[in-house]
Q: 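One structure coming up, written as structure tokens, with questions to follow.
Basis for what follows: all heavy atoms, side chains included, without hydrogens, waters or symmetry-related copies.
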Amino acid sequence: MKGGRILLLLVCSTVITLGVFAAGPPTCPADLGGKCSGSGEWEGEFFPGIPKIKYEGPSSKNPLAFKWYNAEEEILGKKMKDWMRFSIAFWHTFRGTGGDPFGAPTKYWPWEDGTNSLAMAKRRMRANFEFLEKIGVDRWCFHDRDIAPDGETLEESNRNLDEVVALAKELQGTKIRPLWGTAQLFMHPRYMHGGATSSEVGVYAYAAAQVKKAMEVTHYLGGENYVFWGGREGYQSLLNTDMERELDHLGRFCEAAVAYKKKIGFNGTLLIEPKPQEPTKHQYDWDAATTANFLRKYGLIGEFKLNIECNHATLSGHSCHHELETARINGLLGNIDANTGDPQIGWDTDQFMTDISEATLVMLSVIRNGGLAPGGFNFDAKLRRESTDVEDIFLAHISGMDTLARGLRSAVKLIEDGSLAELVRKRYQSFDTEIGAQVEAGKGDFETLEKLAMKWGEPKVPSAKQELAEMFFQSAL
């Protein structure tokens, strides 16, 4: 009898528990001062109690203040904000949940109602612009399906996007604009084999239509660039893949994008974002050098530049500095996705960059490039799964912005000191001779060089002074 009562109690408890979890989320959550009107509209601030972030200098102990990023300060003839051209990534900042393959979401922002409705999309957009105003950044980046829900048909998806974009246009005013926009061609099941490289022509057409629309709204919002990231543009096995045909299709897709950009009068830069793998085993835009070769083969040099992501660089076996320099010396450095990976983890962790040494090397490339405009630094970085306070969104971006600002200051010190540049000059000074100049001008024929080699005998190879170079670098940090 007693056992029966216990069993009945357990059954009732289970039913009640299931009822609680099965219940739909509230239309407007009531917590932390967040308020909704009877119509479900959010009232008041999304980030109450957080002021506009200001520069207070390196001695400040205020976590909600910049220590190194001083937007109006002039460095090497440009204001710091013009060197940086910071942008907030909508997908990580407002759509990131903290979920991973091993665990459920951990982030439940006060303004979220648990739906992917148009009303919720508009509420997120309002939160985005309040965050931009408080953090002091006037650019943002988006995927089409991050900001507006997918519909049952392409027409419905386009209508949803138009409705949210109209609100974004209103909220932007005259000072804020997208650094870039893009189309999400990797999440929906239709893109399991890729978009531009899918084996199905219907998917190819759908991807083209989606990019067409995303390019139109980027142009409408005053976007300065448009990005192509080919997360599914690659293969899992060459046994069932016609790689030549897929690459040709990708080339034709890019040609069509160039043609449509010109047709609608969009003057922004088209950017390709290299990544070696994940989610596919092999992506066709593996790294900067591979992508540069792709652009040359299909006659697209001059039409595209590269968006270098630091975490993608390390996944391809390179440093971020290597990828930036490869892009720069090929005239292709257009934008930087500012993030980093964890050296102990072999996947794309999208962490905020906090390493001053890495940031200094990044800024050396940016200075040598003369800046990034019309590109900039987009924070393609997300909070860690365990960071769940609204305030953490601000702390992460402040840290990332300060790290790059400190990197800029260190790079300037390195340049103004001149010791490292002089070491490099001396290392190659033999090519400043008459014969060296002939070699660099393409006039060093093998017969002449053979005669010189016989005349000079065994060459003396000087030290590279690697340790001294590292000492000069460390002294600037």
Q: Between the main-chain N or O of Lys281 and the side-chain N or O of Gln236, is there a donor-acceptor pair closer than 3.5 Å?
A: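 Confirmed, Gln236 side chain pairs with Lys281 backbone.
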
Q: Looking at Thr197 and Glu246, would you say the former's side chain and the latter's main chain have a donor-acceptor pair under 3.5 Å?
A: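 No; zero donor-acceptor contacts below 3.5 Å.
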
Q: Below 30° counts as parallel, above 60° as perpendicular, anything between as tilted: where do the rings of Trp91 and His143 land?
A: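 Answer is perpendicular, since the angle exceeds 60°.
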
Q: Working to the nearest 0.5 angstrom, can you tell me the gap between Leu332 CG and Leu306 CG?
A: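 The CG atom of Leu332 sits 5.0 Å away from the CG atom of Leu306.
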
Q: Would you call Lys262-Glu303 a salt bridge at under 4.0 Å N-O?
A: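 Between Glu303 and Lys262 there is a salt bridge, with a charged N closer than 4.0 Å to a carboxylate O.
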
Q: Are Val217 and Asp162 close enough, and set up right, to give a side-chain contact (heavy atoms from CB on, under 4.5 Å), and what steps lead you there?
A: CA-CA 8 Å; Val217 300; Asp162 284 339; 4.3 Å; yes

Q: Do Arg159 and Glu156 sit within salt-bridge range, that is, some charged N less than 4.0 Å from a carboxylate O?
A: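 The answer is no: the pair does not qualify as a salt bridge.
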
Q: Quick check for you: to the nearest 0.5 Å, what is the distance between Met84 atom CE and Arg139 atom CZ?
A: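 Reported to 0.5 Å precision, the distance equals 13.0 Å.
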
Q: Answer yes or no: is there a side-chain heavy-atom contact under 4.5 Å between Cys320 and Val362?
A: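 Touching, per the 4.5 Å side-chain cut-off.
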
Q: Relative to the ring of Tyr284, is the ring of His282 parallel (under 30°), tilted (30 to 60°) or perpendicular (over 60°)?
A: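 His282 vs Tyr284 ring planes: perpendicular.
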
Q: Please give me the minimum heavy-atom distance between Arg232 and Pro279, naming the atom from each residue.
A: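 Scanning both residues completely, I find the closest heavy atoms to be NH1-CB, 3.4 Å.
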
Q: Any donor-acceptor pair under 3.5 Å linking the side chain of Tyr226 with the backbone of Ala183?
A: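 Yes: the side chain of Tyr226 pairs with the backbone of Ala183.
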
Q: Spell out, as yes or no, whether a donor-acceptor pair under 3.5 Å connects the side chain of Ser316 to the backbone of Ala313.
A: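 Yes.
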
Q: With a 4.5 Å heavy-atom cut-off, do Glu200 and His193 have their side chains touching?
A: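 No, every pair of side-chain atoms sits at 4.5 Å or beyond.
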
Q: For Lys107 and Lys382, run side-chain contact (heavy atoms from CB on, under 4.5 Å): C-alpha distance rounded to whole Å, both residues' side-chain angles, the deciding distance at 0.1 Å, then the answer.
A: CA-CA 12 Å; Lys107 304 182 200 311; Lys382 58 190 176 186; over 6 Å; no

Q: Please verify the inter-ring angle class for Tyr204 with His249; under 30° counts as parallel, over 60° as perpendicular, anything in between as tilted.
A: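 Perpendicular, since the angle between the ring planes exceeds 60°.
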
Q: Of the non-hydrogen atoms in Gly194 and Val203, which two are nearest, and what is the gap between them?
A: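 For Gly194 and Val203, the tightest heavy-atom pair comes out as O-CG1, 3.4 Å.
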
Q: Output a table of donor-acceptor pairs, distance under 3.5 Å, between side-chain atoms of residues 391-398 and any protein atom two or more places apart or on a different chain; print 'none' if there are none.
A:
from: Asp392; atom 1: OD2; to: Thr388; atom 2: N; distance (Å): 3.2
from: Asp392; atom 1: OD2; to: Asp389; atom 2: N; distance (Å): 3.0
from: His397; atom 1: ND1; to: Ile393; atom 2: O; distance (Å): 2.8

Q: Nearest 0.5 Å, what's the CZ-CG distance between Phe90 and Asn378?
A: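 It is 13.0 Å, given to the nearest 0.5 Å.
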
Q: Does any N or O in the side chain of Gln210 come within less than 3.5 Å of the main-chain N or O of Gln184, such that one atom is a donor and the other an acceptor?
A: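 Such a contact is found between Gln210 side chain and Gln184 backbone.
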
Q: Any chance you could measure Glu358, atom CD, to Thr314, atom OG1, to the nearest 0.5 Å?
A: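 The CD atom of Glu358 sits 8.0 Å away from the OG1 atom of Thr314.
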
Q: Checking Trp111 against Phe47 for the ring pair (Phe, Tyr, Trp, His ring centres under 6.0 Å) test, could you report, in this order, the C-alpha distance in whole Å, the side-chain angles of both residues, the deciding distance, and whether it holds?
A: CA-CA 10 Å; Trp111 55 83; Phe47 305 100; 5.3 Å; yes

Q: Run the numbers on Leu154 and Asn158 for side-chain contact (heavy atoms from CB on, under 4.5 Å), then give the verdict.
A: CA-CA 6 Å; Leu154 182 60; Asn158 287 346; 4.1 Å; yes

Q: In terms of side-chain geometry, is the basic nitrogen of Lys61 or Glu56 positioned less than 4.0 Å from the acidic oxygen of its partner?
A: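 No, this pair does not count.
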
Q: If I take atom CD from residue Glu72 and atom OH from residue Tyr55, how far apart are they, to the nearest 0.5 angstrom?
A: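 It is 13.0 Å, given to the nearest 0.5 Å.
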
Q: Give a yes or no answer on whether the side chain of Asn311 reaches the backbone of Thr349 with a donor-acceptor pair at less than 3.5 Å.
A: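 Yes: the side chain of Asn311 pairs with the backbone of Thr349.
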
Q: Take Trp229 and Phe186, measure what ring pair (Phe, Tyr, Trp, His ring centres under 6.0 Å) needs, and give me the verdict at the end.
A: CA-CA 9 Å; Trp229 177 65; Phe186 50 87; 5.0 Å; yes

Q: At their closest point, which heavy atom of Glu309 faces which heavy atom of Glu273, and how far apart are they?
A: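 Minimum heavy-atom contact is OE1-OE2, 2.9 Å.
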
Q: Measure the shortest side-chain to side-chain distance between Leu324 and Asn369 over non-hydrogen atoms and say whether it is less than 4.5 angstrom.
A: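 Heavy-atom side-chain distance check fails, nothing below 4.5 Å.
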
Q: Examine distances only and state if a side-chain atom of Arg409 and a backbone atom of Trp68 form a donor-acceptor pair shorter than 3.5 Å.
A: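 Yes, Arg409 side chain to Trp68 backbone: donor-acceptor pair under 3.5 Å.
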
Q: Using the test ring-ring contact (aromatic ring centres under 6.0 Å, His included), find all partners of His188 that sit at least two apart in sequence or belong to another chain.
A: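 If we apply the ring-ring contact (aromatic ring centres under 6.0 Å, His included) test to His188, skipping adjacent residues, there are no hits.
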
Q: Are the side chains of Tyr298 and Cys254 in touch, meaning some heavy atoms are under 4.5 Å apart?
A: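 Tyr298 does not reach Cys254 side chain to side chain.
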
Q: Within a 6.0 Å radius of atom CZ on Arg245, are there more than 12 heavy atoms belonging to other residues, nucleotides or ligands?
A: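 Not buried by this count: 12 neighbours or fewer within 6.0 Å.
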
Q: Any side-chain heavy atom of Lys67 sitting closer than 4.5 Å to one from Arg406?
A: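 A side-chain contact is absent here, since even the closest heavy-atom pair is not under 4.5 Å.
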
Q: Are Trp180 and Phe228 close enough that their ring centres sit under 6.0 Å apart?
A: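 No, ring centres 6.0 Å or more apart.
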
Q: Decide whether Ser60 and Asn62 meet the rule of one side-chain donor and one side-chain acceptor closer than 3.5 Å.
A: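 No, because no side-chain N or O of Ser60 sits under 3.5 Å from a partner of the opposite role on Asn62.
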
Q: Any side-chain heavy-atom pair from Thr290 and Asn293 closer than 4.5 angstrom?
A: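 Side-chain contact under 4.5 Å: no.
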
Q: Looking at Arg177 and Gln172, would you say the former's side chain and the latter's main chain have a donor-acceptor pair under 3.5 Å?
A: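 Answer holds: no.
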
Q: Going by the rule ring-ring contact (aromatic ring centres under 6.0 Å, His included), which residues pair with Tyr206 if we only count those two or more places apart in sequence or in a different chain?
A: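 Here no residue qualifies.
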
Q: Looking only at heavy atoms, which two atoms of Gly151 and Ser157 are closest? And how far apart?
A: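 It is N-OG, 2.7 Å.
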
Q: Within the side chain of Gln283, is there an N or O that forms a donor-acceptor pair under 3.5 Å with the backbone of Gly234?
A: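 No: the side chain of Gln283 does not pair with the backbone of Gly234.
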
Q: Using a 4.5 Å cut-off on heavy atoms from C-beta on, say whether the side chain of Thr218 contacts that of Thr182.
A: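 A side-chain contact under 4.5 Å is absent here.
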
Q: Would you find more than 12 non-hydrogen atoms of other residues, nucleotides or ligands less than 6.0 Å from Asn267 atom CG?
A: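 Not buried by this count: 12 neighbours or fewer within 6.0 Å.
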
Q: Hey, can you tell me if Phe266 and His219 have their rings parallel, tilted or perpendicular (30° and 60° cut-offs)?
A: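 The arrangement is tilted - the two ring planes meet at 30° to 60°.
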
Q: How close do Val390 and Pro110 get, heavy atom to heavy atom, and via which atoms?
A: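 Closest pair (atom of Val390, atom of Pro110, distance): CG2-CD, 3.5 Å.
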
Q: Are any non-hydrogen side-chain atoms of Arg126 and Leu171 less than 4.5 angstrom apart?
A: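 They are in side-chain contact.
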
Q: What's the verdict on side-chain contact (heavy atoms from CB on, under 4.5 Å) for Phe142 and Asn128, showing C-alpha distance, side-chain angles and the deciding distance?
A: CA-CA 11 Å; Phe142 66 91; Asn128 173 55; over 6 Å; no

Q: For the CD atom of Glu278 and the CG atom of Leu315, what is their distance to the nearest 0.5 Å?
A: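 The CG atom of Leu315 is 6.0 Å from CD of Glu278, to the nearest 0.5 Å.
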
Q: Would a distance-only check, ignoring hydrogens and angles, find a side-chain to backbone donor-acceptor pair under 3.5 Å from Thr241 to Met243?
A: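 No.
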
Q: Of all the heavy-atom pairs spanning Asn225 and Pro374, show the shortest one and how long it is.
A: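 Minimum heavy-atom contact is ND2-O, 2.8 Å.
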
Q: Centres of the Trp140 and Phe129 rings: under 6.0 Å?
A: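 Yes, the ring of Trp140 comes within the 6.0 Å limit of the ring of Phe129, centre to centre.
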
Q: Does the plane of the ring in His318 sit parallel, tilted or perpendicular to the ring in His322? Use 30° and 60° as the thresholds.
A: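 Rings of His318 and His322: parallel, under 30°.
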
Q: Does Lys175 come within less than 4.0 Å of Asp138, counting only side-chain N to carboxylate O?
A: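 A salt bridge is absent here (no side-chain N lies under 4.0 Å from a carboxylate O).
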
Q: Whether Glu325 and Arg368 form a salt bridge (side-chain N of Lys/Arg under 4.0 Å from carboxylate O of Asp/Glu) is what I want to check.
A: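 Salt bridge: yes.
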
